[in-house]
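Presented below is the structure to which this report refers.
Throughout, a chain's letter reflects where its sequence line sits, starting with A, and its residues are numbered from 1.
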Amino acid sequence: MIMEWNSIFLTFRLALVVCAVLLVVAMPLACWIAFSRWRWKFLVEAAVALPLVLPPTVLGFYVLVAMGPDSPAGRLYQRLFGHGLPFTFASLVIASVIYSLPFAVQPMASAFSQVDRDLLGASAVLGASRLRTFGRIVLPLSRGGIITGVVLSFAHTLGEFGVVLMVGGNIPGVTRTVSIAIYDHVQALDYGGANQMALLLMAFSFITLSLTYAVNRRMWAVWPLPRQNARRLLNAES
Amino acid sequence: MLADYSMRNPDVTPAATDPKLSVDIIKRLDGFTLQARLEASPGFTMLLGPSGGGKTTLLNCIAGLLRPDSGRVAIGSTVLFDSASRIDLPVEQRRLGYVFQALALFPHMTVEENVRYGIAKLPAARREQRIKSMLKSFRISHLAAHKVTAISGGERQRTALARSLVTDPRALLLDEPLTALDLATKSKILEDLREWNAAHSIPIVFVTHSPQEAFALGERVVMIEAGEVIAQGAPHEVLTSPRHQTVAQIVGFENMFDATVVEMHEHHGTMICQLGLSECRLEVPLISTSPGAAVRIAIRAGDVMIAAEPPRGLSARNVLSGRIRAIRREGVTVILAVDVGVDFEVHVTPSALEELGLVPGQQIWLVIKTYSCNLVEPRA
């Protein structure tokens, strides 16, 4: 049995693109979650966390419906690109971004909210705009959380199955990712082939995560810690 | 946007402008309402009061980190906040120096990067020159390349001051600075701050809960409690005539009695008060009140004299006889508890104790001048 390099290449391409998109989408969202005092903020937090608890098939189903030819978004895409959105690489990217959103947003929001508010005040008093404060103070002090968010969403996208199957189907070179290829091998009772690819995926994920934790030796929480906890952690460090 | 620092001409003598910080604000919070009205001329204004009294809230309102419900904050002719004309200058445009209680140095930067932070928009030559001279003024030039997490408490304090002052602020706010430092380090840093301000002459609002610090350092003292300014003025004014019970307690009036006015001697400028439920009577300065009214009398333990025999021929109007209940020594002060019908605390020197041969149980006489009795307003 030969390795399906096609699927492996596709999977990595998908994970990289999803990471890039998430960096742009998740960072402002995390920033808003960490600093907003809007009273209904918890609704947004819950919505972002939904993919953590929903079966991928539910999410995939609604993304499929939302992208289909009967929806406004689907029709717009059809008109712009001349073909439908489902079962394309783009549809995989959209679905994966939504599915991995909490994995990127939560470590980032957690890190942002752990930045001592006094530092933000001091920065403002010293004449810095909000943007400058974010760039010079919040970002450097949240580096760990941002790296964690990016790596987690990368690794999570690598291992995705249900959502991909729902919106992408199983088109070699277009939407057939490693996890789907593994499933196919098992269905065809080709355990050897399945094992090869599964091992590769597992080894790679383990190495990526180990590297992240090694580089980023700091507690990260899945959800922003209460403020006192954060204080305690910071104090323990200094 | 950063303010244009070049507007300030260093050749103009500070006295020519003499900008005063004036604050008159109301801010409602969960526990209490801050209602502050005060002025700070160039020099040290000490904001004194117990923790949780609203001192930090007041600084945050001045800095713009909190928005007052109403009122006005101005420095000279520059209005920072005015609810009536809807002015609320953003924090970053107020050009104030603010040293937080925990300093809030940027932990990922060096000493020099911290100092540089507030003047990034200055032309490079002026900026570098100013950073250099500021590091020198606060004696931290040799630490420029050190991370702020790797220097001592005193050095961190100096860095925080340098970082705030390098921006040439209109006023400096200090929130309980130097609390963690020993006395020697503290006074050296304050000397450097005074020296800097001799040339720049800006209002410095210095928050502290230590009366000693407040009265020793300040040109002006503002006392604040439960969100209210309860006294302000030159240190000796606030010290010598406490008009408020909290003020009296803070500045050290060990004896505080609830009393009833029994006689008024208008032509002598005095009145007689009975202390609590005891037989004990004191002649005190006259205030506008009437017989039967409740008043509160504050007397310093150090203002009470002790006589071992019945004294004669004194100008002091109050002589109370009683017994020593206990004698305790604290450093060079001997503290006596004396029962004259009410309990008095009296401070004498160890030599006075020896000379008079005072022992517990002994009968003695307390001598108190009328003007050592201060009438204070009981807390509402």
Handout entry: By ring-ring contact (aromatic ring centres under 6.0 Å, His included) - contacts of B:F32 (at least two apart)
Key = none

Do any side-chain atoms of residues 63-75 of chain B form donor-acceptor pairs under 3.5 angstrom with protein atoms, and if so which ones, sequence neighbours left out?
{"residue": "B:R67", "atom": "NH1", "partner": "B:D88", "partner atom": "OD2", "Å": "3.3"}
{"residue": "B:D69", "atom": "OD2", "partner": "B:R28", "partner atom": "N", "Å": "2.6"}

Handout entry: Shortest non-hydrogen separation from A:I137 to B:Y117 and the atoms involved
Key = CG1-OH, 3.6 Å

Exercise for the section: Take atom OH of A:Y62 as the centre, draw a 6.0 Å sphere, and report whether it contains more than 12 heavy atoms from other residues, nucleotides or ligands. Expected result: no

Exercise for the section: Would you mind reporting whether B:R163 and A:L126 have side-chain heavy atoms less than 4.5 Å apart? Expected result: yes

Exercise for the section: Can you check whether anything in residues 98-113 of chain B gets within less than 4.5 Å of chain A, heavy-atom wise, and list it by number? Expected result: B:Y98, B:F100, B:A102, B:A104, B:L105, B:F106, B:P107, B:H108, B:M109

Exercise for the section: Please report the closest heavy-atom contact between A:A128 and B:E92, naming both atoms and the distance. Expected result: O-CB, 3.6 Å

Practice task
Report, as yes or no, whether the 6.0 Å neighbourhood of atom CD on B:E128 holds more than 12 heavy atoms from other residues, nucleotides or ligands.
Solution key: yes

Handout entry: CG/A:L43: more than 12 non-hydrogen atoms of other groups inside 6.0 Å
Key = yes

Problem - Exceeds 12 heavy-atom contacts within 6.0 angstrom, atom NZ of B:K132 - result: no

Practice task
List in chain and number order the residues that pass side-chain hydrogen bond (donor to acceptor under 3.5 Å, both in side chains) with B:N197, two or more places apart in sequence or in another chain; answer none if no residue qualifies.
Solution key: none

